[in-house]
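Have a look at the structure below before the remarks.
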Amino acid sequence: MDSGILLVVEGLEVHFPVRRGVVFERHVGTVKAVDGVSFVLRRGETLGLVGESGCGKTTVGRAILGLVSPTAGKVVFDGQIAGGAKPARLLRRRIQLIFQDPYASLNPRMSVGEAIAEPVRLHGLRSGETAVQQRVRELLDLVGLSAAHAGRFPHEFSGGQRQRIGIARALACEPELLVCDEPVSALDVSIQAQIVNLLQDLQEKLGLSYLFIAHGLNVIKHISHRVAVMYMGQIIETGDKAAIYKAPVHPYTRALLSAVPVPDPAVERGRRRIILQGDVPSPMNPPPGCRFSGRCPIASDRCDIEMPALIQRVPGAHDVACLRAGESAALMPLAALESG
Amino acid sequence: MSALFTSGRGRLERLSDAARRWLDSDLARDFRSSPVALFALIVVGLYVLAASFPSLVAPHPVFDLSTLDFADAFRPPAWLEGGSWRFLLGADDQGRDVLSAIIYGLRVSLFVSVAAVALSVAIGVTLGLIAGFYGGWIDSLIMRIADVQLTFPAMLVAVLFDGLLRSAFGEQAHHRHAISIIIVAIALSGWVQYARTVRGSTLVVSRHNYVLAARMMGQPTGFILFRHILPNVATPVFVIATIQLAVAIILEATLSFVGLGVPPTQPSLGTLIRVGNGYLLSGEWWLAMFPGFALLFLVLAVNLLGDFLRDALNPSLK
């Protein structure tokens with residue numbers, strides 16, 4: 001694996017103003033969708049970005065794709081500043097997006113072959129119509145569809161097949177980074193595995209990097225090399241897959257992991273879910289201290305006042321933002337981890 | 001299958017594929033099960049055919065003055081006393097065959113109304129796409145102009161525009177461009193409907209992810225508008241255009257009837273009715289009545305076709 005750094009996200013903040021009123025709009029507050037997110041993605045690596053709905057994980061993806069402008073911080077792709085209002089067309093090509101909903105992501109009036117040929121022609125990646133069609137066949141083959149599918153329209157395909165078409169269309173741009181925004185959440189469980197395996201195969205063949213966004217830890221476990229857990233616009237724990245799954249520290253990560261069923265019945269019987277109390281606070285008015293303090297089962301008085309920084313626990317392999325990082329393992333035991 | 005990708009034979013195959021898909025489509029099926037719509041389609045088809053090749057269909061070349069004979073003036077229709085089978089629907093004050101005049105007039109009427117509808121579709125769809133896609137002040141500007149446009153009745157717009165150009169260009173130049181002027185005048189009064197409909201659908205469609213995907217791959221906005229959004233908002237445009245075609249035919253006839261339309265050298269159905277109108281009370285009723293019936297059946301058939309399309313293409317009525 002090439003360990004060259006492909007993407008650097010540094011202190012990324014994306015704030016959305018909230019306005020009220022129709023004629024006399026007034027500014028009533030700011031939603032800090034992303035509030036100081038930093039991470040690094042290497043070539044050929046997959047970073048899993050996990051968090052519940054509304055935690056800002058999709059907004060991070062959109063900022064990298066240049067679909068929203070960062071309020072502060074920067075996105076550096078292969079040495080170039082990306083994520084501005086109008087990124088260069090070349091940069092656009094090198095970062096592509098895989099969508100969550102395979103039904104709305106394909107133009108119903110455009111044949112599959114046309115949809116895939118479009119970026120090939122646009123970027124002049126093949127010259128001559130024969131070469132373009134040859135490329136379309138290659139791409140269909142690459143994602144496990146047949147060349148005979150080129151003349152068909154999206155409504156003739158199942159959800160899983162459509163997701164493959166979406167992947168082929170993204171690959172047609174010959175990208176280096178794919179932002180996968182919950183690419184399997186809308187699919188059946190059996191199909192989910194197929195798509196995840198396909199993405200893994202493609203990564204091996206083409207040396208792609210993935211930013212894999214998901215709301216659950218189980219899908220991420222199969223595909224990620226590293227995992228970052230987000231809560232209310234911030235990364236609260238990040239590290240190598242082994243670190244996050246075997247030795248999670250942050251109480252939120254531990255609670256998330258306790259919700260994942262274990263395939264071993266002996267362990268599963270002993271699994272105790274950590275049920276979090278309360279709701280996510282309003283993103284317009286976040287708590288002053290640790291964002292998680294209101295729901296945290298082990299929060300102390302200090303957690304309500306002081307915002308914890310992301311601190312390295314294992315150099316280069318595991319960072320946590322928690323004031324009680326040293327105590328969480330003892331206070332919140334996880335059956336699944338102890339078994340190994 | 002590989003033949004699909006080679007040029008010549010492949011294109012032909014794809015074309016026949018498209019034809020088969022069309023014959024197999026819901027719309028074609030609806031047509032087959034609706035005798036009224038089928039009848040309307042045939043009537044409109046015959047009209048279009050007659051208008052396209054008037055010299056083949058019309059029994060007399062009405063614009064060739066040398067063939068006119070004053071002895072034939074005011075000859076009544078063939079089945080009446082004094083009628084002749086040479087002049088099936090009678091002849092006018094100069095011995096011109098009414099049927100032939102109708103067929104040549106039809107050509108002008110249809111050309112003007114089809115061109116006017118095409119122009120208003122082009123204006124309305126483009127502005128609607130832009131308003132819906134960009135939103136913001138561009139959207140507000142376009143839609144406020146549309147609102148203002150709607151407060152003027154179509155007839156008034158046409159009269160205003162006609163008068164404006166008449167005073168700007170002078171009578172002579174106006175005469176030469178009369179056909180273009182009436183086309184633009186009718187088009188200007190019709191574009192708002194398309195703009196509003198297309199804007200509404202564009203607001204919805206441009207939020208779909210395939211539009212985002214096209215932006216992600218760096219497609220220029222114009223390409224996204226016409227290749228990705230337009231095909232998905234076009235269905236209601238077809239329906240409105242068909243119904244508007246009937247309105248345009250009537251509007252053209254009305255303008256020509258009051259003398260604001262096409263010049264008398266290129267008579268349309270409206271012009272024929274206006275000329276014939278002068279003889280209604282003196283007994284030569286066929287001069288106004290037959291062009292009137294021709295207009296009536298044309299508008300009726302187009303309207304029936306429009307109503308059918310509106311129902312057939314409306315998914316909520318299935």
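Below, chain A is the first sequence line, B the second, and so on; all start at residue 1.
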Query - Between A/F99 and B/Y210, ring centroids under 6.0 Å - result: no

Query raised in the report: Quick one: do the A/Q203 and A/T46 side chains pair a donor with an acceptor below 3.5 Å?
Result: yes

Query - Per-residue contact mode, A/E118 against chain B (heavy atom under 4.5 angstrom) - result: both

Query raised in the report: Tell me, side chain or backbone of A/R62 under 4.5 Å from chain B's heavy atoms, or both, or neither?
Result: side chain

Report task. Tell me, for B/R207 versus chain A, whether the close heavy atoms (under 4.5 Å) come from the side chain, the backbone, both or neither. Result -> neither

Query raised in the report: For B/F152, does the CZ atom sit with more than 12 other heavy atoms under 6.0 Å from it, leaving out its own atoms?
Result: no

Query raised in the report: To the nearest 0.5 Å, how far apart are NE2 in A/H15 and OG in A/S69?
Result: 13.5 Å

